Amino acid sequence: MQTAQPNSLRLLQWMMVASLALPLALFVFASAVSWVSIRETADREVERTLDVAHEHALKVFETIDRSLSEIAEIIRDLPDADIVAREQALHLRLKQLVASLPQVKSVWIFDAKGRALVNSLVVPAPEIDFSDRDYFRTHVAGDIGTHIGEALTPRPPYQGAAFFGVSRRRPSEDGGFAGVIQTSVLPEYFESYYARIGREPGSFFAVGRADGTVLARFPAAGRDVRLDRNGPIGKLIAADPKADTEAGLVTVTSSTDGIERRLAYQRLAQYPIYVSAGLETSAIRARWLSTVSQHLIFGAPATALLFALLGLALRRTRHLYVEAEKRRVAEEALKHGQRLEALGQLTGGVAHDFNNLLTVILASVDLLRRPDLPEQRRLRYIDAISDTVTRAAKLTGQLLAFARRQTLKPEVFDVGRTVQMLSEMIGTLIGSRIEIVILGPEEPCFVNADAGQFETAIINMAVNARDAMEGRGRLTIAVGMAASLPNAAPQPQHPYGYVAVSVADTGSGIPPDQFERIFEPFFTTKQAGHGTGLGLSQVFGFAKQSGGEVAVASEVGKGSIFTLYLPRTAGGGKSRQMPAADAAAIDGSGMSVLVVEDNAEVGRFATDALAELGYATRLVGSAVHALEELTTGAEHFDAVFTDVVMPGMTGIELAQEVRRRHPDLPVVLTSGYSHVLSEHGAYGFELLQKPYSIEQLSRVLHRIGRRKVERSAETRA
Ligand SMILES: Nc1ncnc2c1ncn2[C@@H]1O[C@H](COP(=O)(O)OP(=O)(O)OP(=O)(O)O)[C@@H](O)[C@H]1O
Ligand SMILES: [Mg+2]
């Protein structure tokens, strides 16, 4: 959860970045692709328009050329005088011709001196010298065929649009120069045609002579436009590899209007004329921008929406995490509070029970102090103190059991047999009106657990069942096998499975609201004095500490079934002996014991008690002192009796050291509670739980003393 949070936030952030970067990259790519394609399209378009313009110009010049031929044919071999004589008729003929050719303004026939003999405009032709015009001068020297001249303005009295001459030499009969036939062609005609076919914004057309003189241009510019061969366009055309074929496609900036264009040009086959068509690069760019903006119109809002949605998701997720964190903290605080409450309840429970026990002890002691107390009363008070101490010890034992801190003494025993042996005791406990059914397993099932604790747990469950049935009903104790633990806990499952002992009753059942709490120490629904609330705590603690589990199922009004699971072991062990009832203390008969105890009072009690039993004792306050004592005279002692929890070296460390230095010297450990003992057991040493009675102490010492005697007898033999 803790790493999942930043991970999913980071993922969202990355997605936000991607939601922008990806469309942007796509947009850049699409724009580049569309730029290339739009330029290619523009080139094709320019080429197509050039084809049209080329076709058109060719037709125009061919038509004029044919008309010139026609006129030449009409006046062939006619002397100037005859032409003048037939001026009226010829004028009409020329006028007709002009009327049929929209590109032609007028047609003229000049004599060898440059004077007009006939024209299509007026009769008689004006007395003006045209010999300075280019269309006249070029033919004087020799026959150069059809000549296309530069753009000119009409000479007064004529007015109107500018024109350029298309002319031909009039040969005399002897092949000499007789004059010129000329047609005045209107550049406007080309321009209006180009205006019609060049509707695309940025369109460009031009017709010009091979020497660079521009005859017509669209859009129109000043008349005297001339392209320098050494100018930018001239150079570009010269550098064009396709220039040989008299056609090409270039990008140029016009020196006339300073506009950059994509320009295609082609020469008219029989004439020194070039036709060109073009498109302003800014127009091409505009087309591209319009396409790109179309992408944007669709892409940008979608991207913005996605980005905004992701941003919203990020904000929400952050908010959610903050909320979750707040809730976690609140839950933690609640749990902490509950823990404290449980702890308070536990502490209160312990204090309450102990105070009751202490009250009995204190009162008994006070009464014992009274002088002249009859012997019978004295014994009664002493018994009361002893009983109370036993109960107090049981109480701490149960607490330790629940806390899973008791020192277990695991041994291998057969659960079925043990339950069978217990049944008699249980029967006495629950009374005759409750039927008791014991269902044993088909085969022996062994566990390696603390048998004493096991019996206590069964008895606790049986007593609970009795109390739930209020004296009438059926108690069923069944022993069986289970492959796994019921709650599929994460702990490793046991290889041989589990032995399950279930205690079922037909009692009141457990209300759902109490279900969670029944295992809590001091939780009881029984009347004051009838239950401590520690029974199930012991069952729970014992089960858990032994690697097992306790499960419960219950239905209000029908009964409950508690099942205790313990890990099963393969082999059988010694069959378990029921613990012997407290026997009388055994005489020490001169054995010498080294007592190690940091608590002076407990130490004095122990030595006094041992002395009373006939043991010789030596009391030291720490493990270090004990080792010193043993170094100087280990042979003086028959046993070491040491507390476990001591400052500095612990009793277990001392015991191990003694075992290493003096293998023959037995050690007995004693402890009220030790963390090490509860986790690791007694490391093979004898252990006497505190509080212990003098009888218990004497029995343990007697046992080890006997073992020692047996061992030395063996070595002697
Ligand atoms: N078999 C059962 N049927 C119904 N309720 C049960 C049963 N076993 C336990 N309980 C409920 O669980 C509570 C706690 O049980 P637990 O054995 O821990 O304490 P106790 O029996 O009240 O006191 P004691 O310490 O004397 O055992 C009981 O008070 C009772 O309410
Ligand atoms: Mg109980």
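Along the sequence shown, the residues carry numbers beginning at 1. Treat the numbers as computed from the prediction; the structure is a model and nothing was measured. All ligand and atom numbering here is 1-based and tracks the order in the structure. The basis for the numbers below is simple: all heavy atoms, side chains too, and nothing from hydrogens, waters or symmetry mates.
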Practice task
Not counting sequence neighbours, list each pair that qualifies as a ring pair (Phe, Tyr, Trp, His ring centres under 6.0 Å) and has a residue in residues 329-379.
Solution key: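 Of all non-adjacent pairs touching residues 329-379, none passes ring pair (Phe, Tyr, Trp, His ring centres under 6.0 Å).
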
Contacting atoms of ligand 1, where contact means under 4.0 angstrom from a heavy atom of [X]:
| X | value |
| --- | --- |
| Ile510 | 4 (C), 5 (N), 6 (C) |
| Gly509 | 4 (C) |
| Phe523 | 13 (C), 14 (C), 19 (O) |
| Thr524 | 20 (P), 22 (O), 29 (O) |
| Ile518 | 11 (C), 12 (O), 14 (C), 18 (O) |

Does ligand 1 come near enough to [X] that some N or O of the ligand is less than 3.5 Å from an N or O of the residue?
| X | result |
| --- | --- |
| Ser508 | no |
| Asn464 | yes |
| Thr532 | yes |
| Gly531 | no |

Side chain [X], main chain [Y], donor-acceptor under 3.5 Å:
| X | Y | answer |
| --- | --- | --- |
| Gln538 | Gln453 | yes |
| Ser592 | Asp638 | no |
| Thr607 | Gly603 | yes |
| Gln545 | Phe542 | no |

Exercise for the section: With ring pair (Phe, Tyr, Trp, His ring centres under 6.0 Å) as the test, would you mind laying out the steps for Phe641 and Tyr692 before giving the verdict? Expected result: CA-CA 13 Å; Phe641 179 56; Tyr692 51 82; 5.7 Å; yes

Practice task
Verify the neighbour count for atom NZ of Lys690: are there more than 12 heavy atoms of other residues, nucleotides or ligands below 6.0 Å?
Solution key: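 Above 12, so yes.
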
Practice task
Select the closest option to atom 3 (N) of ligand 1 among Gly535, Ala468, Ala465, judged by heavy-atom distance.
Solution key: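 Checking each option, the heavy atom nearest atom 3 (N) of ligand 1 is found in Ala468.
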
Problem - Arg380/Asp383 ion pair, N-O < 4.0 Å - result: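 Judged by the 4.0 Å cut-off on N to carboxylate O distance, Arg380 and Asp383 do not form a salt bridge.
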
Problem - Centroid-centroid distance, Phe454 to Phe413, less than 6.0 Å - result: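 Yes, close enough.
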
Report the nearest protein non-hydrogen atom to [atom]: residue, atom name, distance rounded to 0.1 Å.
| atom | result |
| --- | --- |
| atom 31 (O) of ligand 1 | Thr525 OG1, 2.4 Å |
| atom 18 (O) of ligand 1 | Leu536 N, 2.9 Å |
| atom 20 (P) of ligand 1 | Lys526 NZ, 3.6 Å |

Fill in the blank from the handout: Within the 4.0 Å heavy-atom cut-off, what Phe562 brings close to ligand 1 is side chain

Exercise for the section: Using a 4.0 Å heavy-atom cut-off, say whether Asp505 meets ligand 1 through its side chain, its backbone, both or neither. Expected result: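 The part of Asp505 near ligand 1 is the side chain, not the backbone.
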
Practice task
Take the angle between the ring planes of Phe540 and Phe519 and call it parallel below 30°, perpendicular above 60°, tilted in between.
Solution key: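 The rings of Phe540 and Phe519 sit tilted, inter-plane angle from 30° to 60°.
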
Practice task
May I ask you to check whether Asn464 brings an N, O or S atom to under 2.8 Å from the Mg ion (ligand 2)?
Solution key: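 Yes, within the cut-off.
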
Problem - Sub-4.0 Å heavy-atom contact, Gly533 with ligand 1 - result: yes

Handout entry: Check: Ile385 and Val360 side chains under 4.5 Å, non-hydrogen atoms
Key = no

